[in-house]
**Student:** 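Below is the structure I would like to discuss, written out as structure tokens.
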Amino acid sequence: MNQGEAEAKCNEEGAVLAGVQNGDEVNWMAESLVKVSGGGSLWTGAKRSSACIPIRELTANFTRPSGEWCMKVFFENFITPLAAEKKCQEVGATLSSIQDQYENFYILYTVLDKIYPESGTVVIGIKRTEACMNSGISETCNWATSFEWTDKSANGTEGFSWGNGQPDNSRGQTCALLYGTVTLNLEHMQSGKLDDIVCDFDYVQYGYSPKTPKAYVCGKKPKV
């Protein structure tokens with residue numbers, strides 16, 4: 001089923017494809033999807049903005065407090081944040097931040113639609129702040145202040161969807177990945193949640209696992 005067919009099905013019921021307003025709606029959709037089909041992906045009422053169409057390969061548009069933002073998910077196994085940033089720059093973009101749960105939902109289900117039934121992680125534009133670079137979790141270096149978005153586009157803290165006990169600010173863990181798992185919880189991982197990691201961790205050495213990076217997200221402002 002494509003998005004048009006899904007919209008037609010909704011129309012038959014006197015409705016339209018739904019958007020996503022907040023994290024509660026994302027969690028409800030994810031839990032319902034697992035109950036109905038055991039996992040996978042679903043269509044929502046989001047479409048590409050015409051402002052994003054001319055941008056090289058970037059296909060999804062979101063409205064942020066800072067303005068319009070275009071992003072696209074690319075797929076590559078074992079990719080590191082440094083390599084992903086370079087590839088984003090090659091298409092005139094940068095590693096993307098996550099403004100809110102709606103963007104989180106888009107990224108998560110775009111990835112799961114591609115990699116299902118496997119699980120994996122997604123490289124995004126996030127790093128430890130200079131002030132907290134050498135600090136563990138503390139009153140001043142906590143879940144909301146230890147990390148920052150590298151693209152300088154997202155603001156607030158809604159995009160910091162950390163997993164349980166994360167970030168733990170362990171030594172050297174100055175980047176973070178987004179988990180995309182076929183169930184809401186897989187081992188200690190939580191789908192749609194962030195975990196801080198060592199930026200240059202060699203996943204190739206340890207082979208495929210549910211933690212293996214399988215995608216990265218590029219973003220930029222649309223052309224006027």
Side-chain angles (χ1 to χ4, degrees), residues 1-7 17-23 25-34 36-49 51-53 55-64 68-79 81 83-85 87-88 91 93-126 149 151 153-154 158-159 161 176-184 186 189-195 210-220 222:
M1 177 182 291
N2 58 36
Q3 189 179 41
E5 292 169 338
E7 178 68 37
L17 276 175
V20 183
Q21 178 66 34
N22 53 41
E25 292 184 2
V26 170
N27 290 335
W28 178 83
M29 286 184 177
E31 290 168 0
S32 300
L33 186 63
V34 170
V36 171
S37 62
S41 60
L42 51 78
W43 287 110
T44 62
K47 66 179 181 179
R48 178 169 45 176
S49 162
C52 285
I53 293 175
I55 298 178
R56 296 173 60 192
E57 300 189 63
L58 303 180
T59 58
N61 172 257
F62 298 91
T63 301
R64 295 178 167 183
E68 298 298 302
W69 187 252
C70 302
M71 65 170 70
K72 182 179 179 179
V73 178
F74 295 86
F75 294 88
E76 182 172 335
N77 292 333
F78 302 114
I79 192 164
E85 176 61 39
K87 285 183 175 288
C88 287
V91 295
T94 186
L95 275 175
S96 182
S97 57
I98 302 175
Q99 174 66 43
D100 52 30
Q101 290 303 301
Y102 186 32
E103 293 183 7
N104 181 301
F105 182 86
Y106 161 76
I107 295 168
L108 177 63
Y109 284 98
T110 299
V111 171
L112 288 176
D113 186 54
K114 177 77 171 181
I115 71 174
Y116 182 82
E118 297 180 353
S119 297
T121 54
V122 186
V123 179
I124 55 176
I126 189 172
W149 300 115
D151 63 16
S153 173
E158 187 182 349
S161 299
L177 297 173
L178 176 70
Y179 283 126
T181 59
V182 294
T183 59
L184 287 181
L186 180 63
M189 300 180 297
Q190 298 169 280
S191 196
K193 301 296 184 181
L194 301 174
D195 184 11
K211 289 186 177 181
T212 298
K214 295 184 177 178
Y216 60 98
V217 188
C218 299
K220 69 172 295 184

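No experiment lies behind these values; they were computed from the predicted model shown.
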**Student:** Do the side chains of Ile79 and Phe74 get nearer than 4.5 Å, heavy atoms only?
**Tutor:**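 No, too far: nothing below the 4.5 Å cut-off.
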
**Student:** I need the minimum non-hydrogen distance between Tyr179 and Leu108, along with the two atoms involved.
**Tutor:**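 Taking Tyr179 first and Leu108 second, the nearest heavy atoms are O-CD1, 3.6 Å.
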
**Student:** Could you check if a side-chain atom of Phe62 sits within less than 4.5 angstrom of a side-chain atom of Gln99, using non-hydrogen atoms only?
**Tutor:**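 Answer no - side chains too far apart.
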
**Student:** Can you name the nearest heavy-atom pair linking Arg64 to Ser96, along with the distance?
**Tutor:**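 Minimum heavy-atom contact is NH2-OG, 3.8 Å.
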
**Student:** Is there a donor-acceptor pair under 3.5 Å between the side chain of Asp113 and the backbone N or O of Tyr116?
**Tutor:**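 No: the side chain of Asp113 does not pair with the backbone of Tyr116.
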
**Student:** Side chains of Asp151 and Thr94: donor-acceptor distance under 3.5 Å anywhere?
**Tutor:** no

**Student:** Is there side-chain contact between Met71 and Ile107, with at least one heavy-atom pair below 4.5 Å?
**Tutor:** yes

**Student:** Measure across Pro117 and Val182 and return the closest heavy-atom pair with its distance rounded to 0.1 Å.
**Tutor:**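 Closest heavy-atom pair between Pro117 and Val182: O-CG1, 3.3 Å.
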
**Student:** Check whether any side-chain heavy atom of Cys218 lies under 4.5 Å from a side-chain heavy atom of Lys72, and answer yes or no.
**Tutor:**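 The answer is no; the side chains never approach within 4.5 Å.
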
**Student:** side-chain contact (heavy atoms from CB on, under 4.5 Å) for Lys114 and Val111? Distances and angles first, verdict last.
**Tutor:** CA-CA 5 Å; Lys114 177 77 171 181; Val111 171; 5.9 Å; no

**Student:** I need the minimum non-hydrogen distance between Val123 and Ala84, along with the two atoms involved.
**Tutor:** CG1-CB, 4.0 Å

**Student:** Side-chain contact test, heavy atoms from C-beta onward, threshold under 4.5 Å: evaluate it for Leu177 versus Pro213 and give yes or no.
**Tutor:** yes

**Student:** First locate atom CG of Asn61, then atom OH of Tyr106, and finally report the distance between them rounded to the nearest 0.5 Å.
**Tutor:** 10.5 Å

**Student:** Minimum heavy-atom separation for Thr181 to Gln190, with atom names?
**Tutor:**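 Here Thr181 and Gln190 meet closest at OG1-C, 4.4 Å.
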
**Student:** Is Leu194 close to Ile124 at the side-chain level, that is, under 4.5 Å between some pair of heavy atoms?
**Tutor:**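 Yes - at least one pair of side-chain heavy atoms lies under 4.5 Å apart.
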
**Student:** What's the shortest heavy-atom distance between Gly192 and Ser161, and which atoms?
**Tutor:** O-CB, 3.8 Å

**Student:** With rounding to the nearest 0.5 angstrom, report the CE to OG1 distance, Met189 to Thr121.
**Tutor:**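 The distance works out to 8.5 Å.
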
**Student:** Starting at NZ of Lys214, measure out to OG of Ser119 and round the result to the nearest 0.5 Å.
**Tutor:**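 Lys214 NZ to Ser119 OG: 7.0 Å, rounded to 0.5 Å.
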
**Student:** State the CD1-CZ distance between Ile98 and Phe105, to the nearest 0.5 angstrom.
**Tutor:** 13.5 Å

